[in-house]
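Structure first, then comments.
Reminder, nothing fancy here: chain letters follow the sequence lines and each chain counts from 1. Side chains are part of it too, since the values below use all heavy atoms of this structure and drop only hydrogens, waters and symmetry mates.
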Amino acid sequence: RKEVEQDPGPFNVPEGATVAFNCTYSNSASQSFFWYRQDCRKEPKLLMSVYSSGNEDGRFTAQLNRASQYISLLIRDSKLSDSATYLCVVNMRRGNTPLVFGKGTRLSVIA
Amino acid sequence: ETGVTQSPTHLIKTRGQQVTLRCSSQSGHNTVSWYQQALGQGPQFIFQYYREEENGRGNFPPRFSGLQFPNYSSELNVNALELDDSALYLCASSLVAEETQYFGPGTRLLVL
């Protein structure tokens, strides 16, 4: 079983739609969780960290369910500029340890 | 921009050759991590350097090696290149005690 699994998509949605991405991780000892965004042929960029209490940043909401080892990202009111690959990322320990990436979920927002 | 730079941006090599990729970390960052991203995959951890010492290594063979310099910049060396080494190579800089890693733009390597 892969350490971090995501639905690869692609997700093709119209502007204004709400879209949700899911991710599961295999190591129950994992400590930190993130969503990164990667545009085509560019480097990954941190979108948001994910906390057990859930967190929101504008149109983006991230949730963590430790019992189910499940992470989600919800994007409301999709914009064309949201088109990218969204990477689910897990850190096994606190602090600066290797990040473990999922394969990414591709989103295309269509006008 | 993250302030992390990498060179070169693109590189074409043939099987069996050796390659050196370079990374300059963000000002003040003392840790550099290297990742390999094959097409359609997420980045895979190669190794990390902290204070010029290797501080963790992923599942990559010894022909992948690295260095970190006193100014915290870093090199990734790959010997005896194979076709499967074709990928985007990313470096990420950070502070050792913090979780956020800042990625450079990457070097795209093609092995023919």
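With a threshold of 4.5 angstrom between heavy atoms, A:Q6 does not approach chain B through any atom at all. Interface remark: A:R106 contributes no atoms to any contact with chain B (heavy atom separation under 4.5 Å). For chain A, the nearby part of B:Y35 is the side chain; its heavy atoms alone come within less than 4.5 Å.
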Problem set entry | Chi angles and distances behind the side-chain contact (heavy atoms from CB on, under 4.5 Å) call for B:Q44, A:L99 | CA-CA 8 Å; B:Q44 298 289 312; A:L99 301 177; over 6 Å; no
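Of the inter-residue distances, the one linking A:K42 atom NZ with B:L90 atom CG reads 12.5 Å to the nearest 0.5 angstrom. In this structure, CD on B:Q101 lies 6.0 Å from OH on A:Y36, to the nearest 0.5 angstrom. Atoms CZ and CD, from A:F101 and B:Q41 in turn, are 13.0 Å apart once rounded to the nearest 0.5 Å. Here the straight-line distance linking atom CD of A:E43 with atom CD of B:Q6 works out to 8.5 Å at 0.5 Å rounding.
Few gaps surround CZ on B:R63; more than 12 heavy atoms of other groups in view lie less than 6.0 Å from it. In this structure, B:R51 places its CZ atom where only 12 or fewer heavy-atom neighbours from other residues, nucleotides or ligands lie under 6.0 Å away. The environment of B:L112 atom CG is dense: over 12 non-hydrogen atoms of other residues, nucleotides or ligands sit within 6.0 angstrom. Shown here is A:Y51, whose OH atom has no more than 12 heavy atoms of other residues, nucleotides or ligands within 6.0 Å. No more than 12 heavy atoms of other residues, nucleotides or ligands sit less than 6.0 Å from atom CG of B:N59.
Partners of B:Y89 according to the ring-ring contact (aromatic ring centres under 6.0 Å, His included) rule, which considers only residues two or more places apart in sequence or in another chain, do not exist here. A:D7 pairs by the side-chain contact (heavy atoms from CB on, under 4.5 Å) definition with A:F11, not counting sequence neighbours.
Using a 4.5 Å cut-off on side-chain heavy atoms (C-beta onward), A:P44 and B:P43 make contact.
Contacts with chain A were tallied for B:G56, B:P105, B:G40; B:P105 has the most, counting heavy-atom pairs under 4.5 Å.
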